[in-house]
Structure formats: C-alpha cells, structure tokens
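Shown next, in structure tokens, is the structure this report addresses.
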Amino acid sequence: MHVVLAHTPDGVQLTPLNDDGTPAPDRAPQTLTLATLPDAVAQLEPEAPRWVWDDTSRWYPALLSAGVRVERCVDLRLSHVILRNSAASASSELANSPRGHWDTAAVALSTVTPEAALFDFDDAPAHGDDADPVTEFRAQRIAVATAPDPARLGLLLAAESAGALIAAEMRFAGLPWSEHRHDELLTSLLGPRPRPGTRPALLDAVLARVRDELGAPELNPDSPNDLLRALRAAGMIITSTRSWDLKQIDHPAIPPLLEYKKLSRLLAANGWHWLDTWVADGRFRPDYVPGGVVTGRWATSGGGALQLPKQIRGAVVPDPGWKLVVADAAQLEPRILAGLAGDTRMAEAGREDFYEGIVATGAVATRAEAKVAMLGAMYGATTGESGRLMPRLTRAFPQAIAHVEAAARAGERGEIVSTRLGRSSPLPGEDWQQAQGDAYGPEAGEAQQKRALSAARSWGRFTRNFVVQGTAAEWALCWMAGLRNRLWQLGEHMDDTQNGFTDRPHLVFFLHDEVMVHAPEHLAERVADEVRAAAVDAGRLIFGRMPITFPVTCAIVDSYADAK
DNA sequence: GGGTCTTGCGCG
DNA sequence: AAAGCGCGCAAGACCC
C-alpha cells in the first residue's frame, strides 16, 4: 500500500493507493490537521505502507520529533529529478512535459530543526494543478513501468527515498560530539581560546617565526597577495601560495609557513566559532542534502559535515555505555568499475585487497602504482605517473578500461551517460555547445578549435567519472538503506523507553563510502556483522550474481579518531 | 557598505 | 596556462 500525504489549506489530505497508483477500494481518503498527523501515521505504520510525500525534509523531521519513525517512503521531488533526467525514462510523459512544480528547487529548501515540532509549509510555493502529489505519483509509476528495465530504475528511486529518510534521521539523532574534547584538541594545537579578534597563542608564535624568517614584521599571512610579495622579496621564485607549491621550495620560512596555514585553516573551519555554531547538547547536526551532487552523492549545507578534518575527529565520541561502529567500503570505486564493465578478470584480481590483486597479475609493480593507475583510469589522467601507468592497466584489463573510455568519448560528443541503476548525467551547458559549434565553423581559428577540444576532453573526464562515482553512490545508498533496516531489527526486542529511534543502534554519519553507527556497547559486534552483511546485499542488488566482492573495514571505537 | 568572484584547502 | 573527478566553506580580492 502507498499513502499519499498532501498539504491542503486546512491541514493534510491522506490518500491510500494501491501500488500501481489506483485508489485503494477499501480505504477512504482522510483529512487531518497537522497536529493529529503523527498519530495517524503511527497508526498506519504497522502495515508498512510507503508514505508518498513531496519532500522528505518537509514532512519527516516533525514526525521524528513526535516520536514517529516510518519504514519506507517515496520522495517525489528526488524521484522526479531522476526520472526527468534519466535516459531510461526519456520517452515518458513525465520527462517530456514542461518544467513545473516538481522541477523547482524551492520545494527542497527547508531548515526544519528537529526541535521545532512544526511542519515547514509557511513558504510553500503557490500550488498549481501539477502540484498534486497523487497525480505526480501516478506519472512517476508510469515512467518507471515503461522504462527498459523498471526494476533498476525502481530500485534507484527506492534507494534515493530511503536515503532521504536516513538523512532526516541522522540529523535528528545527531553525531555525538564532545565539546570538551574538541576544546582540548584546539587548545593543544592552537593554544587556549583567545579573546575575539586575536590569534591563539601557538598560532601567533608560528606566525612570528614566519615573519622573522622572511624579514617581514608586518606580513598578513592570510592575504595571498601580501604573502606572495613577501616570499618574492625573500628571493623565492613562485606564482602561488598553495601549500603544495610551497613544499617544493627549500627556505627556512617555509616549514613554519606551512604549519601556520594548517593551523589557521583548523581555526577558521573547525575552531571555537564552528563549535559554538554547529554543536549543541553534545550533538553535531549538519543539514544533509541527498542527491545534492549531480552524480547522486549527498551534499551538506552548513557545518561542512563532509569535510571534517582528521585533526578533530577525536571529538566524535559515543555516549557512556555506547560505541561507535565506523565502517568503510574498501576501494569502492575500483570495484564498482569492475562490476559496471562486467570485467570478471578485474573483479577476480581485486577479490581481497584490490590493489595488491592488481599487482599480483603483473600489470604494475607496486600497490602504490596500482592505486595511482586505477585513479587515473577513473578520473581520466593523461599526464604524470598516473597517465604513464594507465596503458599497462589497459593491457591487463581491456574490458574495464574500455568501459570508462566509452563514457569519456560519449561525453566528448556531448551525449549523456548513465549509472548502473539509471541516473543520467546532465547535458553540457550552452557555452560548451557554442564552443563546439564555433570550432567547426568556416572561420574557426586554431585557438577556437583548441578551446573546443579542451572543453570536450574536460566534459569527457566528467562523464567518465560520472558512471563510476554515480554507481558507487547507488551502491552506498543500497548499503545504508539495508543497514538501516537491519539496525532497526537488531533493536526490535528493546523497549523503546524514550524514543524508539535513538534508543536502538542507529546511523549517525555517512561520507560517500563510509558509515558510522552509534550503538549500545553490547550490540556493537552484531552491528559490525550487519554492516558487512548489508554490503554483500548491496552488491547483489546492483550487480546481481556477478562475482564482485565488497569488503568492509569495520572498527568498534570510542572515538572517530581511532577508526583508521 | 554590500554582493560576487577567486583562492586555498578540507573531505571522498 | 592547463592540470585526474566530485563537493562546501572562509576570507581576501574585486567591483559597484
């Protein structure tokens, strides 16, 4: 059963439907107030319906605040974006109708906090006819059913929607964060928290050494212009102030300067100000944005949750009596490539440690070489060590390399490419099309042709990587969705005293190919088993019986810093 | 004074 | 000047 939730002027319309979108004969639609919605949802939830709503981030946080968890949903907005762009649904009515309500990002924007038990409909855009979720749901079902492979596209929409639930739940639960430990880390690296407008003592001391070595007492190290001038005045030949460039230079000012950059970055990005802004009541609650990246990866907004530097991961600590289970899908993208290409030789070689396996075939000499060569294949390297090693990979694994090469050529021609489950890449922009057109015009100059070729190659690198990164994102969604169900069942016997959601082991963090579970200590080992089992399931879901392994490294720790 | 672009660096 | 992919954020640079 599906139950569609629609926001109406007086409250909420609740419409039960059969799975094909036709009205459920034995169930009448109901109209409710927002205040009574959580109870109504909780009452129906034991039947495990798929809740159909326009945008998970608008409905689910308030349900979670009211203590209501749902097992399944359809996020119409996320699904619509996939179906609008997918080559697999390109001939559907949905994909060929004019852009409207479901294509506007406005539906997406939401800043509902778990604390605010209010639904966020104040800024809902004016509803036209096309905004009716029942109509949209039916259009989506048809688009999926008429696709060449409905099962794959259907799986993608289910996984994307599950991701939206998880994103809301992770924000609700929050990442356990010790403000005290964070402050200790900052103090040991930077010195005690300084008065506003002044540098911490240790940072100041490093800066003094830089100024001294450069003979520039007034240097503002945070100004690239100023810094560049000072470095040149000290005799260095240099065009940028990037750390990587500075490392090539032998000068006594460089080591303290690199240290200054490292520390000032920590202060600016994850210092006390960040702590005040993003951590409350021992939890870090970033705003996850499922589908926020074209490839299907998640983004976050605020708090930089996907860029937590290793330096401060020590501040992520479980509650007393709990553990963190930190799991990482080992060498995910190379495995995904082997699966996508159906390259059983590569899959076989990479069965355990992927890169050691490549070395064992004799394709390259060392693990480091194998890694660089694989990255080159997936990113489209043409120069450097990576570009040099790639031909050897091509000889050893022609099938895998041909797959990414084909994706690159398609992109160079301005065509779209698709992931395993059917998420398609965007078309290149107008500027790109214009540049390609110009290059073949009658009066095209050499510079124009060069520019067009460079743009074509660049887009080819994007599409090359899109199929791998995007399919890896699909795998990760399936992994996490499966894990979510397994974790819930693991806590099934528990009496949910406070909140049925946060009492049980639950997901608290996700980073592309890594997940973190906050688990009661006595369940931690079993959580680790479920993490591994869910990885096996995800591989089967996406690649069927193909013999690809997805090993997971799993650490049960008292601090995120101890995970690797 | 305020908005946008650029630089630099964190993560996978 | 371009350069192996995808991001977000802070602060300076730049412009009106």
Side-chain angles (χ1 to χ4, degrees), chain A residues 220-229 239-247 257-258 260-271 273-274 277-278 286-313 328-334 336-337 371-390 393 404-405 407-408 411 417 419 423 425-426 447 450-451 453-455 457-473 475-476 509-516 560 564:
Chain A
N220 172 9
D222 302 319
S223 159
N225 281 355
D226 203 17
L227 185 56
L228 198 58
R229 220 174 301 128
T239 55
S240 97
T241 62
R242 280 190 290 265
S243 292
W244 197 87
D245 291 332
L246 296 176
K247 275 178 196 147
L257 177 55
L258 291 172
Y260 175 86
K261 278 177 166 280
K262 190 90 184 156
L263 292 178
S264 77
R265 163 80 194 184
L266 174 64
L267 175 65
N270 298 98
H273 183 251
W274 180 91
T277 309
W278 291 105
D287 200 358
Y288 296 97
V289 187
V293 178
V294 279
T295 57
R297 276 187 173 180
W298 288 14
T300 54
S301 80
L306 304 185
Q307 302 128 256
L308 290 179
K310 301 230 159 84
Q311 284 165 307
I312 57 154
R313 293 187 177 183
D328 179 292
Q331 304 117 17
L332 178 59
E333 292 197 351
I336 292 291
L337 171 53
K371 187 171 178 174
V372 165
M374 279 305 302
L375 288 177
M378 293 183 298
Y379 293 162
T382 54
T383 61
E385 196 195 7
S386 191
R388 187 170 58 74
L389 289 167
M390 249 196 68
L393 219 52
V404 279
E405 291 295 330
V417 296
T419 59
R423 193 187 307 262
S425 67
K450 254 181 136 166
R451 210 165 55 84
L453 189 63
S454 158
R457 292 262 160 81
S458 173
W459 196 259
R461 286 192 299 276
F462 164 63
T463 52
R464 169 198 294 267
N465 187 249
F466 182 96
V467 295
V468 178
Q469 188 184 117
T471 305
W475 182 91
F509 195 57
F510 169 53
L511 188 54
H512 308 316
D513 60 358
E514 187 180 322
V515 297
M516 193 189 304
Y560 190 15
K564 276 187 199 171

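Quick note on labels: first sequence line is chain A, next is B, and so on, each numbered from 1.
- Side-chain atoms of A:Thr241 never come within 3.5 Å of backbone atoms of A:Leu228 as a donor-acceptor pair (strictly under, hydrogens ignored).
- Contacts of A:Gly292 with the nucleic acid, taken as non-hydrogen atoms under 4.0 Å apart, are absent.
- At C:dA11, none of the side-chain N or O atoms of A:Ser223 fall inside 4.0 Å of OP1 or OP2 (strictly under the cut-off).
- Here the C1' atom of nucleotide C:dC7 and the CG atom of A:Asp287 are 15 Å apart, to the nearest Å.
- Residues A:Val294 and A:Arg423 approach most closely at O-CD, 3.7 Å, considering heavy atoms.
- Distance CG/A:Leu246 to OG/A:Ser240: 6.5 Å, rounded to 0.5 Å.
- Among C:dG6, C:dG4, C:dG12, the nucleotide with an atom closest to any side-chain atom of A:Phe462 is C:dG6.
- Every stem involving DNA chain C, taken as at least 3 paired positions in a row under the Watson-Crick or G-U wobble test at 3.5 Å, is listed here: B:1-12 with C:5-16.
- For A:Asn225, whose side chain is taken as the heavy atoms from C-beta onward, the closest listed nucleotide among C:dA13, C:dA11, C:dC7 is C:dA13.
- The residue A:Val289 sits apart from the nucleic acid: no heavy atom pair falls under 4.0 Å.
- Within the 4.0 Å cut-off from OP1 or OP2 of C:dC7, not a single side-chain nitrogen or oxygen of A:Thr295 is found.
- Residues passing the salt bridge (charged side-chain N to carboxylate O under 4.0 Å, His left out) test with A:Asp328 are A:Lys564, sequence neighbours excluded.
- In terms of the salt bridge (charged side-chain N to carboxylate O under 4.0 Å, His left out) criterion, A:Glu385 has no residue partners (sequence neighbours excluded).
- Across all strands, A:Ala269 comes closer than 4.0 Å to no nucleic acid atom at all (heavy-atom distances).
- Atom CG of A:Leu263 is separated from atom C1' of C:dA10 by 16 Å (rounded to the nearest Å).
- If you check every strand for non-hydrogen atoms under 4.0 Å, A:Val294 touches sugar and phosphate atoms only.
- For A:Leu453 and C:dA1, the CG to C1' distance is 15 Å, given to the nearest whole Å.
- Remark: P of C:dG4 and NZ of A:Lys371 are 19 Å apart, rounded to the nearest angstrom.
- Taking the salt bridge (charged side-chain N to carboxylate O under 4.0 Å, His left out) definition, one finds that A:Arg451 meets it with nothing, sequence neighbours left out.
- The nearest whole Å value for the distance from the CG atom in A:Leu228 to the C1' atom in C:dA13 is 14 Å.
- A:Pro286 approaches A:Gly302 most closely through the heavy-atom pair CB-O, 4.1 Å.
- Rounded to a whole Å, the CH2 atom of A:Trp274 is 17 Å from the P atom of C:dG8.
- Distance, A:Trp459 CH2 to C:dG6 C1': 12 Å, rounded to whole Å.
- Nucleotides B:dG12 and C:dG4, compared at atom C1', are 14 Å apart to the nearest Å.
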Handout entry: B/S/- contact track for nucleotides 5-12 of chain B, protein heavy atom under 4.0 Å
Key = ---BBBSB
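- For the pair A:Arg423 CZ and C:dG6 P, the interatomic distance rounds to 16 Å; values are reported in whole Å.
- One donor-acceptor pair, N or O on each side, does fall under 3.5 Å between the base of C:dG4 and the side chain of A:Ser386.
- In terms of the salt bridge (charged side-chain N to carboxylate O under 4.0 Å, His left out) criterion, residue partners of A:Arg242 (sequence neighbours excluded) are, by chain and number, A:Asp245.
- B:dC5 sits 22 Å from C:dA3 when the P atoms are compared, rounded to a whole Å.
- Surrounding NZ of A:Lys261 are more than 12 heavy atoms belonging to other residues, nucleotides or ligands, all under 6.0 Å away.
- The residue from A:Val467, A:Asn465, A:Thr471 that alone fulfils the side-chain contact (heavy atoms from CB on, under 4.5 Å) condition with A:Gln469 is A:Asn465.
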